[in-house]
There are 2 protein chains.
Amino acid sequence: MIGFMPPAHLVVAVDLVVFTIRADQLHVLLIERGNPPFHGKPALPGGFVRDTENLHAAAERELHEETGLNGHDFHLQQLGAYGEPDRDPRGRIFTVAYLAIVPDLPAPLAGTDASDASWVPVTQAHGLAFDHDQILADALEAARVRLEYTTVATSFCPSEFSVTDLRRVYEVVWGRPIDPRNFHRKVIATEDFVVPSGNKRAAVVGRPAMLYHRGSATRLNPPMLRHSEP
Amino acid sequence: MIGFMPPAHLVVAVDLVVFTIRADQLHVLLIERGNPPFHGKPALPGGFVRDTENLHAAAERELHEETGLNGHDFHLQQLGAYGEPDRDPRGRIFTVAYLAIVPDLPAPLAGTDASDASWVPVTQAHGLAFDHDQILADALEAARVRLEYTTVATSFCPSEFSVTDLRRVYEVVWGRPIDPRNFHRKVIATEDFVVPSGNKRAAVVGRPAMLYHRGSATRLNPPMLRHSEP
DNA sequence: ACAAAAGTGTTTTCCATACACCCATGT
DNA sequence: ACATGGGTGTATGGAAAACACTTTTGT
């Protein structure tokens, strides 16, 4: 299998950096490669772009194959193109990386093509195949920046969530604590960031939280400020 | 020439959106296509990525071919990949767009391969070949955003420039006036945004301006705020 | 002296931070 | 009653906007 050369028109792939939050930790979806090169190594899920589909559709298809998600239950956005001549030992293969943000899936990967896929804490995701370490690092920084200026944080949450759930997203992705009171006021004050669902969380302990759905806003104005370390 | 199909490995191109400011107007570098498809139409400069070069190097090479610039006299950054199946009638050709920002060139395009290239005000750059209208629109928005959070505005200026020159960049790209006094204080207060050259502008009229070089900073913290329209 | 552009000071307004406090629920 | 987390009010500091003012040159 060494030296396999893909058909000439298959020189553009898409790779996905799929983030979710499980147990208050940021996780990324990785597969274990079943073929050379990098046989047995962890890698980002991805595949070649088909003749009739555009880049975004290819990314959506891959995401569906790996997670079973479709519709608009996720955030999917292009990160950029990677094209070092030697990035793939099979030959000159360009890849377009996509950042995907999904809620913690109840039945994560059952019934999908990718039973070989698994969630790995980003803190432990090293030594990936190809240039995927670099792509993952870029994706992490992009996700942190997007939390500042957009409403993507809600894409980490299920359909119904509390303000505290949303705050945990910021704390986990940014890796620093946020004042609950000020965060609450800011989220509520930002128009169409979240809309009340009318329900309340069954309280395990303490006052039950009001629940919200994602609002229609996409940009955060003013942004959530992430300061440099104190 | 109709129906020309590039060699199979040449399916990835880079296209450049080169911005400069001339006569207080934002201009973009366009070529007139000498071959089908879109013969005679304006288009962004670009070309195929060579076997041994990475994407950034290909973009740098194209920029040098079109403008004669090399070294670090410019800003060059990837915008993203475009890959609609029908974006090029010759076949499936992906392109990676780059945003380039250069100072107003003294002898703009003399002695370059591209005597067919010319500066066009962005307000008049419509009806471009391929999907270049879309790429140009994306590049313009990206440039506006980057002026907020980075120091790229200095890349529009020659080696030595005044604070007022820099303010004009913001006003031209954003298309709205800025208070000269507050802008001045903010630029000077931001560490390493600009460094004094020690020289003064020969005054045509009024008090001569102090001149500056680009500083070492790349990110603007705090950012230049571009408010929504009043 | 005057015009014109560069650069500084001052006031006001707004927003982020910090933190005290009240609210709603389970035990 | 009280512990626990959810949510609100308020004082303070710092930065942005608005704008009056001073400085430096050429004519």
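Keep in mind the model is a prediction, meaning the values are calculated, not measured. Atoms considered below: every heavy atom in the structure, side chains included; atoms not considered: hydrogens, waters and symmetry mates.
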Legend entry - Sugar-phosphate, base or nothing in reach of Thr164(A), heavy atoms under 4.0 Å: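 Sugar-phosphate only.
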Inset, instruction - Looking at every strand, decide which applies to Pro180(B) at a 4.0 Å heavy-atom threshold: base, sugar-phosphate, or nothing. - result: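 Counting heavy atoms under 4.0 Å across all strands, no contact is made by Pro180(B).
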Can you check the [X] [atom1] to [N] [atom2] distance for me, whole Å?
| X | N | atom1 | atom2 | answer |
| --- | --- | --- | --- | --- |
| Lys186(A) | dT8(D) | NZ | P | 17 Å |
| Tyr170(A) | dA16(C) | OH | P | 13 Å |
| Ile188(B) | dA6(C) | CD1 | C1' | 11 Å |
| Arg201(B) | dA6(C) | CZ | P | 9 Å |
| Asp165(A) | dG7(D) | CG | P | 10 Å |
| Phe183(B) | dT8(C) | CZ | P | 14 Å |
| Leu220(A) | dA16(C) | CG | C1' | 15 Å |
| Ile178(B) | dA5(C) | CD1 | C1' | 17 Å |

Under 3.5 Å side-chain donor-acceptor pair for [X] and [Y]:
| X | Y | result |
| --- | --- | --- |
| Asp138(B) | Tyr82(B) | yes |
| Thr20(A) | Asp104(A) | no |
| His126(B) | Gln124(B) | no |
| Glu66(A) | His64(A) | no |

Of the options [options], whose atoms approach the side-chain atoms of [X] most closely?
| X | options | value |
| --- | --- | --- |
| Arg181(B) | dC21(D), dG6(D), dG26(D) | dC21(D) |
| Arg185(B) | dT10(C), dA6(C), dC19(C) | dT10(C) |
| Pro208(A) | dT8(C), dT4(D), dT25(C) | dT25(C) |
| Asn182(B) | dG5(D), dA17(D), dG7(C) | dA17(D) |
| Asp179(A) | dA16(C), dC19(C), dG5(D) | dC19(C) |
| Val163(B) | dA16(C), dG7(C), dG26(D) | dG7(C) |
| Arg207(B) | dG7(D), dT24(D), dA17(D) | dT24(D) |

Legend entry - Any Lys200(A) side-chain N or O less than 4.0 Å from OP1/OP2 of dA24(C):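 Looking at the OP1 and OP2 atoms of dA24(C), neither is under 4.0 Å from any side-chain N or O of Lys200(A).
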Inset, instruction - Please state whether the phosphate of dG6(D), meaning OP1 or OP2, lies under 4.0 angstrom from any side-chain nitrogen or oxygen of His184(A). - result: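 Answer is no, no contact under 4.0 Å.
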Inset, instruction - Give a yes or no on whether the ring-centroid distance for Tyr149(A) and Tyr149(B) is below 6.0 angstrom. - result: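 That pair passes the under 6.0 Å test.
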Legend entry - Nearest-nucleotide 5' precedence on DNA chain D, Val204(B) against Leu225(B):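 It is Leu225(B) whose nearest nucleotide is closer to the 5' end.
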Legend entry - Distance-only donor-acceptor test, Arg167(A) side-chain atoms vs dG6(D) base atoms, 3.5 Å: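 No, the side chain and the base share no sub-3.5 Å donor-acceptor pair.
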Inset, instruction - Mind telling me whether His56(B) and Tyr98(B) have parallel, tilted or perpendicular rings, with 30° and 60° as the class edges? - result: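 Answer is perpendicular, since the angle exceeds 60°.
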